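Source: prediction; values computed, not measured.
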Amino acid sequence: MAVTARKSASGLEIRELECFLALSEELHFGRTGERLYVSQGRVSQLLRSLESRIGARLVERTSRRVRLTPLGEDFLSSLRPAYDALRATVEDACVAARGVSGRLRVGFQGTADDRFMAVVGLFEDRYPDCSTEITEVPLSDPFGPLHRGEVDIAVVLLPVAEDSLVLGPVFSRQPQYLAVSKRHPFASRTVLCAEDLADSPLVGVRGPAPAYWREAQAPTRTPDGRPVPAGPMVATLQEGLSLVAANRGAMLLCHPTAEYHHRRDIAYVTLTGIPDSALGLVWNHDHENSRIRAFAEAVEEELA
């Protein structure tokens with residue numbers, strides 16, 4: 001058996017493993033080929049080579065669907081962490097050879113306040129060969145720029161429940177505020193409870209933000225189950241604040257955003273009875289590199 005194992009591992013190609021990993025996510029030979037920039041036939045060839053090396057089928061393919069065999073599922077669960085560790089080892093060796101360098105595109109949602117910009121400054125001082133680009137992430141599309149590869153890492157409002165994304169340091173956990181027009185009956189209050197949300201339309205967030213995330217930013221029911229009136233839907237923070245100022249609805253805001261966007265025509269009232277807002281540093285699992293890890297360490301040191 002040991003001889004067989006040595007023979008099956010001999011000449012193992014990393015491309016075969018990358019093909020299997022991509023196919024296990026796409027479950028479609030055509031899309032896997034597009035993702036790896038190879039033909040559909042090449043995907044089949046790489047899979048057959050890997051299955052021949054192992055000695056059993058890893059994937060079942062019919063005219064209607066593609067799925068992993070039980071052995072394929074077990075192989076995937078073992079392969080993924082091993083492949084990630086191998087890739088990280090190679091990346092770490094590159095870092096040791098040249099240091100953290102290149103460009104890091106950092107997205108932020110809401111407000112890049114002075115505390116966060118201080119982290120950016122710390123990172124740039126620590127790694128002078130790595131430049132940073134700061135980009136605003138749309139309120140209505142918190143994860144899209146990461147999925148599309150437009151940014152390398154992003155600061156977004158929680159929650160995050162995307163399978164392909166890694167949630168790194170979580171920071172700025174603070175009570176939420178309800179932004180209301182100075183003409184709103186709540187404007188004279190200093191504190192509100194979550195049940196008060198049932199007494200005023202709440203500005204909501206448009207898609208493509210996922211439903212679970214939009215529900216967290218603009219709940220449709222209070223903790224006791226009372227319906228919260230639906231206000232207008234917005235795509236950007238500025239749209240929301242403008243509608244709040246016009247007394248078209250109230251809007252939930254995290255502390256840094258409320259603090260940064262003080263306006264004379266808006267009152268910011270502390271809201272109790274709902275989970276604190278929090279920000280998280282997020283990146284795509286498949287695109288993790290030394291720059292991302294170094295930036296996450298800086299955030300962890302300074303903010304988390």
Side-chain angles (χ1 to χ4, degrees), residues 1-94 105 141-154 156 159-168 207-215 282-290 292-293:
M1 182 175 294
V3 173
T4 302
R6 287 197 297 271
K7 183 177 180 180
S8 65
S10 176
L12 179 65
E13 293 187 12
I14 193 71
R15 196 61 168 165
E16 295 174 3
L17 302 179
E18 291 174 339
C19 178
F20 174 74
L21 289 171
L23 183 60
S24 70
E25 295 177 2
E26 299 292 344
L27 296 179
H28 189 281
F29 280 71
R31 288 197 299 270
T32 299
E34 293 174 1
R35 178 168 163 179
L36 299 178
Y37 299 100
V38 298
S39 68
Q40 184 171 327
R42 178 58 174 160
V43 172
S44 298
Q45 182 184 33
L46 288 167
L47 177 63
R48 285 197 303 270
S49 178
L50 180 61
E51 289 179 329
S52 175
R53 197 182 302 280
I54 290 175
R57 297 285 297 275
L58 299 174
V59 176
E60 292 180 352
R61 180 183 185 183
T62 68
S63 59
R64 300 174 61 181
R65 67 177 179 178
V66 175
R67 67 180 182 181
L68 300 183
T69 65
L71 177 62
E73 294 282 1
D74 291 341
F75 182 60
L76 175 63
S77 65
S78 298
L79 175 61
R80 171 58 73 184
Y83 176 80
D84 291 342
L86 175 62
R87 187 176 59 182
T89 299
V90 174
E91 179 64 28
D92 289 344
C94 293
R105 299 167 300 169
D141 194 16
F143 312 120
L146 285 165
H147 291 316
R148 295 188 295 270
E150 296 167 359
V151 298
D152 302 307
I153 197 164
V156 299
V160 176
E162 308 297 297
D163 291 340
S164 61
L165 300 183
V166 176
L167 175 61
Y212 75 86
W213 189 89
R214 290 187 281 123
E215 174 68 21
V282 183
W283 60 89
N284 193 304
H285 181 279
D286 291 338
H287 300 159
E288 183 174 321
N289 56 42
S290 60
I292 290 174
R293 289 193 292 271

Counting heavy atoms not belonging to Tyr212, are there more than 12 under 6.0 Å from its OH? yes
Any side-chain heavy atom of His147 within less than 4.5 Å of one from Glu162? yes
Arg293/Glu288 salt bridge by N-O under 4.0 Å criterion: yes
Heavy-atom check, side chain of Ile54 versus side chain of Phe20, under 4.5 Å: no
Does either side chain, that of Arg42 or that of Gln45, offer a donor lying less than 3.5 Å from an acceptor on the other one? yes
Trace of the side-chain contact (heavy atoms from CB on, under 4.5 Å) decision for Arg31 with Val66: CA-CA 12 Å; Arg31 288 197 299 270; Val66 175; over 6 Å; no
Lys/Arg-Asp/Glu bridge criterion (N-O < 4.0 Å) met for Glu18, Arg15: yes
Looking at Glu150 and Arg148, is any side-chain nitrogen of the basic one under 4.0 Å from a carboxylate oxygen of the acidic one? yes
Consider only side-chain N and O atoms of Arg80 and Ser24, and report whether a donor and an acceptor are under 3.5 Å apart. no
Of all heavy-atom pairs linking Leu36 and Cys19, the shortest is CD1-CA, 3.6 Å
Quick one: do Leu68 and Phe75 satisfy side-chain contact (heavy atoms from CB on, under 4.5 Å)? Show the steps, please. CA-CA 10 Å; Leu68 300 183; Phe75 182 60; over 6 Å; no
Under a 4.5 Å cut-off applied to non-hydrogen side-chain atoms, are Ser44 and Arg61 in contact? yes
